[in-house]
Undergrad: 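My questions will all concern the structure given below.
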Amino acid sequence: MKALKRAWTKWQCKPFERFREIDGWLTDNEALALYQTARALPSKSKIVEIGSWKGKSTFCLASGLQDGVIVAIDPFDAAGEAGSKEIYDGKKGDRPLLEQFKENLNLNGLLEKIDIRKGYSADFAGSISDIDFLFIDGDHSQQGCEYDYRTFGPSVKKGGYLAFHDYDPKRMELGPTFVIETIVKKEANWVFQRKADSLMLFRKAV
């Protein structure tokens, strides 16, 4: 805990504390975990983020990534599964989401690291390989989350990382919880790394 507090204090001294100003659903601990994981990646790494919204998590990943690209997949239309769609509609704002996303990432060259893929994850199935870090935060239904994991998970390199957002062990109906508990934890090639609030991080065995 002390090490986490020291890391967070050090992180606050950097310009990417701006992530707090970006609309989205990410705690300080989750933001730090994303930043630290991206920071630890080797040169020319590829991060795939499924679900970007206005760029809050993308901002943390881009701030940490020293050399490489972030493939940000999102329809940027406030679409969502039942229960989330209503929330998105209420928070999307008057300007196009993609315009807001670009504005939030247009700092210190962060936007130059982003390969924006406007569409749903299924639109890019089979087109992305050699992933160093896969962050799944899109469709939170069981079916949608499992699809994202089974479609993109196999493309994560050995030694690469996999993270899910919105894990809640008391809510098996949530896609992230369902996939982690019934699939990921039962597969020997994924090694649990850490839990940061609702963010669960795994690493693919070498």
Side-chain angles (χ1 to χ4, degrees), residues 1-41 45 47-66 68 70-74 80-81 83-84 87-88 91 97 100-101 104-105 107 110 113-114 121 131-140 144-145 148-149 152-153 156 160-172 174-181 184-185 190-204:
M1 181 62 72
K2 290 182 178 179
L4 179 62
K5 288 182 178 180
R6 286 196 298 270
W8 176 246
T9 301
K10 181 179 180 181
W11 198 56
Q12 283 182 305
C13 297
K14 305 292 185 178
F16 27 80
E17 188 188 10
R18 182 184 170 187
F19 90 92
R20 285 175 169 161
E21 301 173 8
I22 302 174
D23 181 53
W25 301 268
L26 204 66
T27 68
D28 287 359
N29 288 335
E30 293 165 352
L32 179 60
L34 290 178
Y35 166 80
Q36 289 179 324
T37 304
R39 194 73 174 175
L41 296 177
S45 288
I47 298 175
V48 174
E49 176 186 56
I50 301 176
S52 300
W53 187 236
K54 298 182 183 182
K56 194 178 189 75
S57 56
T58 323
F59 187 92
C60 298
L61 293 168
S63 296
L65 185 64
Q66 301 182 70
I70 299 173
V71 180
I73 301 173
D74 197 292
E81 69 281 357
S84 296
I87 297 174
Y88 298 155
K91 293 175 69 66
L97 282 172
Q100 296 180 61
F101 174 86
N104 289 329
L105 271 295
L107 178 72
L110 297 184
K113 300 179 182 180
I114 315 300
S121 58
I131 300 171
D132 294 279
F133 182 12
L134 173 62
F135 178 41
I136 297 178
D137 192 22
D139 187 340
H140 280 38
C145 193
D148 289 340
Y149 168 71
F152 296 91
V156 176
Y161 296 90
L162 166 70
F164 294 84
H165 191 223
D166 294 318
Y167 167 84
D168 184 344
K170 297 179 180 180
R171 297 186 62 189
M172 187 60 71
L174 292 178
T177 307
F178 173 79
V179 173
I180 289 171
E181 294 296 336
V184 177
K185 285 187 175 181
W190 290 111
V191 181
F192 174 71
Q193 296 293 293
R194 65 188 289 191
K195 180 179 184 295
D197 295 335
S198 76
L199 188 139
M200 292 282 281
L201 180 68
F202 300 84
R203 191 173 191 183
K204 183 172 280 190

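Remember, it's a predicted structure, so these values are computed and weren't measured experimentally.
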Undergrad: What are the two closest heavy atoms between Ile22 and Lys56, and how far apart are they?
TA: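 That would be O-NZ, 2.8 Å.
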Undergrad: What closest approach, in Å, do Ile136 and Cys145 show between heavy atoms, and which atom pair accounts for it?
TA: CG2-SG, 4.2 Å
Undergrad: Show the numbers, then the answer: is there a side chain to side chain contact (heavy atoms under 4.5 Å, CB included) between Phe192 and Met200?
TA: CA-CA 8 Å; Phe192 174 71; Met200 292 282 281; 3.7 Å; yes
Undergrad: Do Leu34 and Leu201 have side-chain heavy atoms sitting under 4.5 Å apart?
TA: no
Undergrad: Using a 4.5 Å cut-off on heavy atoms from C-beta on, say whether the side chain of Asp166 contacts that of Trp25.
TA: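 No, side chains not in contact.
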Undergrad: For residues Thr177 and Pro169, report the shortest heavy-atom separation together with the two atoms involved.
TA: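 Closest approach of Thr177 to Pro169: CG2-CA, 4.2 Å.
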Undergrad: Which pair of non-hydrogen atoms, one from Ala196 and one from Ala33, has the smallest distance, and what is that distance?
TA: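 Minimum heavy-atom separation between Ala196 and Ala33: CB-CB, 3.8 Å.
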Undergrad: What's the spacing between Ser45 OG and Arg39 CZ if we round to 0.5 Å?
TA: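 Interatomic distance, Ser45 OG to Arg39 CZ, rounded to 0.5 Å: 12.5 Å.
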Undergrad: Do side-chain atoms of Lys54 reach the backbone of Asp23 as a donor and acceptor pair under 3.5 angstrom?
TA: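 Checked: no pair found.
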Undergrad: Between atom CD of Gln100 and atom CG of Leu105, what is the distance when rounded to the nearest 0.5 Å?
TA: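 Gln100 atom CD to Leu105 atom CG measures 12.5 Å (nearest 0.5 Å).
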Undergrad: Does the side chain of Asp137 reach to within under 4.5 Å of the side chain of Trp53, using non-hydrogen atoms?
TA: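 No, side chains not in contact.
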Undergrad: Between Ile50 and Leu134, is the side chain to side chain contact (heavy atoms under 4.5 Å, CB included) condition met? List the steps.
TA: CA-CA 8 Å; Ile50 301 176; Leu134 173 62; 4.1 Å; yes
Undergrad: Please report the interatomic distance CG(Leu162) to CD1(Ile131), rounded to the nearest 0.5 Å.
TA: 9.5 Å
Undergrad: Mind telling me whether Phe202 and Phe164 have parallel, tilted or perpendicular rings, with 30° and 60° as the class edges?
TA: perpendicular
Undergrad: Could you report the tightest heavy-atom contact between Phe135 and Leu199, atom names first, then the distance?
TA: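 In this case the closest contact between Phe135 and Leu199 is CE1-CD1, 3.9 Å.
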Undergrad: State the CZ-NE2 distance between Arg171 and His140, to the nearest 0.5 angstrom.
TA: 10.0 Å
Undergrad: Between atom OH of Tyr161 and atom CD1 of Ile47, what is the distance when rounded to the nearest 0.5 Å?
TA: 11.5 Å
Undergrad: Would you give the length of the straight line joining atom CG of Leu32 to atom CG of Leu26, rounded to the nearest 0.5 angstrom?
TA: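 Answer rounded to 0.5 Å: 10.5 Å.
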Undergrad: With side chain to side chain contact (heavy atoms under 4.5 Å, CB included) as the test, pick out the partner of Leu61 among Ile114, Leu110, Leu41, Ile70.
TA: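 Checked Ile114, Leu110, Leu41, Ile70 against Leu61; only one passes side chain to side chain contact (heavy atoms under 4.5 Å, CB included): Ile70.
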Undergrad: Do you know the tightest heavy-atom contact between Gly160 and Trp190?
TA: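 Closest approach of Gly160 to Trp190, heavy atoms only: O-CZ3, 4.3 Å.
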Undergrad: Checking side chain to side chain contact (heavy atoms under 4.5 Å, CB included) against Phe133, which of Val156, Thr37, Leu65 comes through?
TA: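 That would be Thr37.
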Undergrad: May I ask you to decide if Ser198's main-chain N or O and Glu30's side chain share a donor-acceptor pair within less than 3.5 Å?
TA: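 Such a contact is found between Glu30 side chain and Ser198 backbone.
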Undergrad: Is Glu49 reaching over with its side chain to a backbone N or O of Thr58, donor-acceptor style, under 3.5 angstrom?
TA: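 Here the side-chain-to-backbone pair exists.
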